[in-house]
J.: 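Just passing along the structure, written as C-alpha cells.
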Amino acid sequence: MFDLDRWREIFQSINKNRLRSVMSGFTVAFAILLFTLLFGVASGLGNFFKSAFADDAQNMMFVRVWKTTKPYKGLQTGRAIQLKNTDYNYVTEEYEDQIQYQSARIYKNFSIKYKNEASTYNVRAVHPDHQFLEKTLMDEGRYLNNRDLREKSKVIVIGRLIKKDLFGEKPALGKRVNVNGSSFLIIGIFSDEGGDNEERMAYVPVTTVQMMYGNNDYISQINLGYNPNLSTDAAIAFGKKVERNMRKRLNIHPDDQSALSVRNMAEANKFVSILMFALFLIIGFIGSGTLVAGIIGISNIMIFVIKERTKEFGIRKALGATPGSIIGMVVQESVLITTLAGYFGLTLGTYILSAIGNSLEEQYFIKDPSVSSGIVIGATVVLIISGLIAGYVPAKRAARIKPIEALRAD
Amino acid sequence: MIRIEKLHKSYPIGKDSLHVLKGIDLHIKEGEFVSIMGSSGSGKSTLLNIVGLLDIHDEGDYYLNGQLIKDLNEKKAAILRNKFLGFVFQSFNLISYKTALENVALPLYYKGMNRKERLKVAMDYLDKVGLKDWASHLPSELSGGQKQRVAIARALVTNPKVVLADEPTGALDTTTTDSVMDLLKDINDEGMTVFVITHEEEVAEQTKRIVRLRDGVIISDTLTKAAKAL
C-alpha cells in the first residue's frame, strides 16, 4: 500500500530531525560497511589462495628424488637416487586409469645464443603433456609434440622473456639458436602466469637431451596430473600409493622422506579449502556480530528518539491518530533510514573494495576483494528486517502510552 | 451532548488508590459554554480527560453525543476523538517542526482527507482565527496568543461537536487571554459546545455556566451574568 501522505509525514520528520536521523543511519551504515569490508577481504584472501596455485595445474603431482638418509636392505645412506625412463614408464602404465597428464622432466642449465646475444637459462626437457601440467600458454607457434619426442628433434620452445633478451622486438619464431653448442629451431614462444622465472625458461624434448648426453635414460622428476574425477581424498591416497611403490621399486626405506617424495597438489587443495572454510566461519561470525551490534545500536537510538517524541505522539493521538498509525509511521521511518543507510554503507564498502583491487596482493595476499551478489541481497534483507524490529519494539511501546501521560510531560 | 452519571475515577498510588472523582453528575447540552472551576487536585483535569476520551472512568455512565462510552479500545477512542472532539491545551501542544498551517491540517490527515483539500480547509480556519498571514511560520516563530489561536483553529478544523479547552489561557497574559476568550465566545456564538477548564475567576466569568468542583464532587452549578444577560 503506497500512502503518499504517510511518506510526506515521514520525510518531514526525517528532514526536520536531521541530526537524529543521520546518527541512527550512521550506526547502520558503519555496521554494513564493516560487514562488507570483512567479507570482501575474506573473499580476497580466498582469491589469492586459489590463484597462488593457478600457476600450475590444480591436479598436479610430482615424484622427486635426492639422496637416501636411511640404510635399507644392506644399502648405505647417502646413496643418490636416479630416476630413469623405466620408472617413468612403470608409473604411467601401472596407474594409467588414475592419470590425466604425464611428463618426465630433466633440469638443465644451457647457454642459449643468437647472433651476439647469449645467456645461460634453465632448460627443462619434457614430454608434450607438460604444457598442461605447467599451464604453459602459447603466444606464438606450438608446443612440443610426440613426433618431436620420437625423432629426438632439436627444437625448442622459449619463454617470452628469453625472446625479449635475445631478439628484442624482432621475430624469433622459426629462427635457429645455439643451445649448448647445437643448433635448435625455435618452434614456439610461451608465457606463464607463474612470474618472471617461469618465463625466462625453455622447453626441449626429453629424448633430445638424453641423446645429447650419450643416449642415457636419466630423468630428474616425474610429473603427473591425476585424474580430475578423483575426489580430493582419493587423489591423496593415490599419491601415497605411488610414493610407497616407488620407494619399494628403488629400494628406499619406506620412511625415507628425504630420498623420494611425492608432492601432491591434492593435499594443498585440501588444506586451502579447510583454511578457507575456517576463515569464512570466523568472518561470518564477526560479520554477523557487527550486524547485530548495528541493529542493537539503531534500536537504542529509536528508543531514545521515541522518548523524545512521546509528546508529539500524544498530540497526534489526541487529534485522532490510532495506535496502528503511530506504529506504522515509526516503523516505516526506521526501515527507510536503515535501508538507505545500509545501502550507503554497502555501496561505500563495495567502492572501497574495488578501489583496493589487486593493490594489496603483494604484501597482504588479498586479491580482487569483492562481495557476491548473494551476500549483498542477504544483507539488504537483514537490514530491512532489522529496521522493522528496531522500529517496531519501541513504537509499540510509544503507541501504548496514554495521550494524557504524554501531554502531561511538559 | 455530554451526559455524565455517577462517574467515579481513582488512580492507583502504590498500594493505595486515590479517589479523584466521587460520583459526578453533569449534563451539558449542545451549544453550551461551560467552565469547570476548581483548585488543583479538585479533579477537574481528570474530568476533562475522561470527557475527552483520553482516559477511562471506573464507574458510572458517560454518553457522548448520545452514544454510551464503554469498553473503548484505543483505536475506537482515536476515531471518536477525531470525529467529535477538538482539544485546546494550556501548553498549546503544537508539533514544533510543522508550520502553523500543517498543524491545523493534521487532524484532517487522520480523518483521511487528501492533502490539497485539507490544506485548503486548514487555511480557512487559520483565516478565521486571524492568522492567515502566519500560515507558513513554525510555532517557535509565533507568540503565545498566536500559538493558542493556531491550536484553537486545529481544534475546530474537523468541525467537532465539542471543543475541550484545558486552561486555555493559563500561559497567556491578560490582553491575550481576553482575545482568546473572545475567540472562544465567537465560536460558541456560532453554536459550538465549548467546555473550558480553568482556575481563573475572570475566565470563568466570561463563560455562560460555571461548574465548581471540590475534592471530586460538584459543589455548585450556576449560570453566569453573561448568560443571564442574554
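Proteins get letters first, then strands, A, B, ... in listed order; numbering begins at 1 in each. Because only heavy atoms are used, hydrogens play no part in the values below, and waters and symmetry mates are left out as well, while side chains stay in.
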J.: Which of the residues B:Ala78, B:Ala77, B:Ser45, B:Gly86 is involved in the greatest number of heavy-atom pairs with chain A at under 4.5 angstrom?
T.: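 The answer is B:Ala78.
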J.: Roughly how far, to the nearest 0.5 Å, is the CD1 atom of B:Ile95 from the CZ atom of A:Arg316?
T.: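 One finds 4.5 Å between CZ of A:Arg316 and CD1 of B:Ile95.
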J.: Check whether any side-chain heavy atom of B:Ser91 lies under 4.5 Å from a side-chain heavy atom of A:Lys311, and answer yes or no.
T.: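 Yes - at least one pair of side-chain heavy atoms lies under 4.5 Å apart.
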J.: Counting neighbours of CZ on A:Phe30 that are heavy atoms of other residues, nucleotides or ligands and sit closer than 6.0 Å, is the number greater than 12?
T.: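 Open: at most 12 neighbouring heavy atoms sit under 6.0 Å from CZ of A:Phe30.
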J.: Give me the atom names and distance for the closest heavy-atom approach of A:Ser325 to B:Tyr110.
T.: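 Taking every non-hydrogen atom into account, OG-CE2, 3.5 Å.
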J.: Is it the side chain or the backbone of B:Leu94 that comes within 4.5 Å of chain A heavy atoms, both, or neither?
T.: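 For B:Leu94, the contact with chain A is made by the backbone alone.
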J.: At what distance, to the nearest 0.5 angstrom, does OG1 of A:Thr322 lie from CD of B:Glu74?
T.: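 It comes to 9.5 Å.
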J.: Rounded to the nearest 0.5 Å, what separates atom CG in B:Asn103 from atom CG in A:Leu319?
T.: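 Reported value, rounded in 0.5 Å steps: 8.5 Å.
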J.: Can you tell me which portion of B:Glu102 sits under 4.5 Å from chain A's heavy atoms? Options are side chain, backbone, both or neither.
T.: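 Just the side chain, heavy atoms under 4.5 Å.
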J.: Is A:Arg309 in contact with chain B via its backbone, its side chain, both, or neither, using a 4.5 Å heavy-atom distance?
T.: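 It is the side chain, since no backbone atom gets that close.
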J.: Around atom NZ of B:Lys22, are there more than 12 heavy atoms from other residues, nucleotides or ligands closer than 6.0 Å?
T.: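 Buried by this count: over 12 neighbours within 6.0 Å.
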J.: Could you tell me which non-hydrogen atom of B:Asn93 sits nearest to which non-hydrogen atom of A:Ile315, and how far apart they are?
T.: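 Nearest heavy atoms, B:Asn93 then A:Ile315: O-CD1, 3.2 Å.
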